[in-house]
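Written out below as structure tokens is the structure these notes cover.
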Amino acid sequence: MSSILARVGDKWTVLIVVLLGDGPKRFNEIKRLVGGISQRMLTFTLRGLEARRIGDADGLSNHSTACGL
């Protein structure tokens, strides 16, 4: 468990991982559910998860993306 927390560390990442544990969600849905996170920080956090291979982003069309674990 401590190795997982070391990888996801900050508060936004933990909240997002918990939300995505229920299945893929769209970017704006995550932003609405988290509340108080800027678009920039959400993008940064999701990219970090994807880079660490904790999450992935599947393009559904040119304008919408689903994010999941």
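All of these numbers come straight from a predicted model, not from anything done at the bench.
Interatomic distance, L42 CG to F27 CZ, rounded to the nearest 0.5 Å: 4.0 Å. In this structure, CE on M41 lies 9.0 Å from CD1 on I16, to the nearest 0.5 angstrom. Of the inter-residue distances, the one linking K31 atom NZ with T43 atom OG1 reads 9.5 Å to the nearest 0.5 angstrom. Taken from CG in L20 to CG in L46, the straight-line distance is 7.0 Å, to the nearest 0.5 Å. Considering CD1 of I37 and CZ of R32, their distance stands at 14.0 Å, rounded to 0.5 Å.
Under a 3.5 Å cut-off, the side chain of K25 and the backbone N or O of L19 do form a donor-acceptor pair.
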